[in-house]
2 protein chains.
Amino acid sequence: MPAYERVLIAVDPVIFTITHDHLQVLLRQREKEPFKGKYELPGGLVQHGETAELALSRKLTEILGTQNVFFTQFHTFTAPQRDPRARTASIGFIALVSRDKIPAGEEWLSVDQLPLLAFDHKDIITKARAYLRQHLDAELLRQFLPEKFPLNNLQLVHEIIMQEKYDNRNFRKKMVAAGIVEETGESEQNVSHRPAKLYRFKS
Amino acid sequence: MPAYERVLIAVDPVIFTITHDHLQVLLRQREKEPFKGKYELPGGLVQHGETAELALSRKLTEILGTQNVFFTQFHTFTAPQRDPRARTASIGFIALVSRDKIPAGEEWLSVDQLPLLAFDHKDIITKARAYLRQHLDAELLRQFLPEKFPLNNLQLVHEIIMQEKYDNRNFRKKMVAAGIVEETGESEQNVSHRPAKLYRFKS
DNA sequence: CCAAAAGTGTTAGAACTACACCCATGC
DNA sequence: GCATGGGTGTAGTTCTAACACTTTTGG
């Protein structure tokens, strides 16, 4: 057995979205051993000649059916026994999609109520969630929302990711003052309460 | 040729220190092809049964002769041709050492004046430097300084990493008010100017 | 008119910025 | 006594945090 082992490289996307006032992760139920029946991240192996980013992009297109999904690396997992079949290093990615772009037929589980997962995928998700909290900024926020949205939705997204409540007046003032959002001039339609003005992210 | 290629996993530590008022990186001159004569990061391959962290720890002990070196992953590089000999993915780490712990016999180059480097090591260093700026906090700062230090040295370290000047009075007030440092009661010795009080990081 | 969510202003305290001179030591 | 870096206070501004009621729509 050589000291320098050749290993497989996987990419594991933690695809987040926000629905039903909760942060959700896309997971799939395994059909084969090991961990048959357990949920897992929809990852895949890096192919010959591909970068990890290209492999991930390929995977995301396959899963979500669109090219324009934000993603970024956050950590690489290398525990020798993390996959019992063969030594595999996994490059963990975060990917973010807004509710209005998620395809039908996929299973989303709330990150706060995950069952036992296959492999070390729970660790991967935990680390991804921490990354999201720590790196939350306008660039990430906009991934969760459609082009036009009420300010209160933005606040809700903030609160769900940061797990913290904000004062509504202060939040609105800050977002506008910081130049993160601007009014579109449009409003919500057909809601059974005062319609909200729609905002968009600036530049 | 199989679609799923097995690859080598390297760990490449970007070891930073601050000397001569500049951020320096530990580099070595390659003795063999490819890139013979060019400088490279002192990386190594992950061995059988090792995590990347363990491999890095082993490497750092080998290079610096001490176990207590702060390090953290920051990015994984997977371009297929990054090493012409064999496909190798490299997990980039940052490691930080204070000037008083650096061993003799190593070459340190200023990050602002690097020559052409072997492989994609320039990219790795550029990304490491950006990570350092973005994640600078008390935990990282303390790695650059000895146990006891004058406040002005702390300010200098800050300025070098952030590439920005600070007001001396404001900086001192902030560090003390934020509870990052505290006085030791000791002072510098044998300096041909007013001796500075020595501080230490709190808790 | 009721329910539901949207929207709005003020004030007190905290944090941040800008700014210039005196102090302690060695030689 | 001079050169060298160490050390200090104040005032204006900006940012943050706390707080409760009115508005607009659909049903």
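Lettering of chains follows the sequences in order, A, B, ..., and the numbering in each one begins at 1.
Lys197(A) has its NZ atom 15 Å from the C1' atom of dT25(D), to the nearest Å. As a whole-Å value, the separation of Tyr199(B) OH from dG6(D) C1' is 10 Å. One can place CG of Asn152(A) at 16 Å from P of dA4(C), the figure rounded to the nearest angstrom. Per the geometry, NE2 belonging to His193(B) stands 10 Å off C1' belonging to dA24(C), to the nearest Å. As a whole-Å value, the separation of Tyr166(B) OH from dC19(C) P is 18 Å. Atoms CZ (Arg172(B)) and C1' (dT17(C)) sit 18 Å apart, rounded to a whole Å. Per the geometry, CZ belonging to Phe171(A) stands 15 Å off P belonging to dT8(C), to the nearest Å. Here dA18(C) presents its C1' atom at 17 Å from NZ of Lys165(B), a figure rounded to the nearest Å.
A donor-acceptor contact closer than 3.5 angstrom links the side chains of Ser98(B) and Asp100(B).
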(request) Step by step, work out the salt bridge (charged side-chain N to carboxylate O under 4.0 Å, His left out) result for Lys59(A) and Glu62(A). (result) CA-CA 5 Å; Lys59(A) 263 282 157 195; Glu62(A) 195 182 306; 3.2 Å; yes
(request) Go through the steps to decide whether Arg28(A) and Glu106(A) satisfy the test salt bridge (charged side-chain N to carboxylate O under 4.0 Å, His left out), and finish with yes or no. (result) CA-CA 8 Å; Arg28(A) 288 176 170 177; Glu106(A) 293 292 349; 3.1 Å; yes
(request) Would you please test His193(B) and Glu188(B) for side chain to side chain contact (heavy atoms under 4.5 Å, CB included) and show each step? (result) CA-CA 10 Å; His193(B) 54 75; Glu188(B) 278 183 312; 3.9 Å; yes
(request) Could you give me the CA-CA distance, side-chain angles and deciding distance for His158(B) and Tyr166(B), then say whether ring pair (Phe, Tyr, Trp, His ring centres under 6.0 Å) is met? (result) CA-CA 9 Å; His158(B) 238 283; Tyr166(B) 303 107; 5.5 Å; yes
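Under the side-chain contact (heavy atoms from CB on, under 4.5 Å) test applied with Phe74(A), the options His135(A), Lys127(A), Gln134(A) reduce to a single match, Lys127(A).
Counting any heavy atom pair closer than 4.0 Å across all strands shown, Asn190(A) reaches no nucleic acid atom.
A pairwise comparison of heavy atoms in Ile94(B) and Leu132(B) identifies CD1-N, 4.2 Å as the closest pair. Shortest non-hydrogen contact noted between Ala95(A) and Val69(A) is CB-CG1, 4.2 Å.
Listed nucleotides: dA6(C), dC23(C), dT8(D). Nearest to the side chain of Arg194(B): dC23(C).
Checking Asn168(A) against Ser192(A), the closest nucleotide of DNA chain D that is more toward the 5' end is the one next to Asn168(A).
Rotation axes derived from the C1' atoms of the five outermost pairs at either end of the helix from dC1(C)-dG27(D) to dC27(C)-dG1(D) lie 0° apart, to the nearest 10°.
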(request) Summarise protein proximity over nucleotides 9-19 of chain D in one line of letters, 5' to 3': B for base, S for sugar-phosphate only, - for none, counting protein heavy atoms closer than 4.0 Å. (result) BB-----SBBB
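One finds the CH2 atom of Trp108(B) at 11.0 Å from the CD1 atom of Ile18(B) (value rounded to the nearest 0.5 Å).
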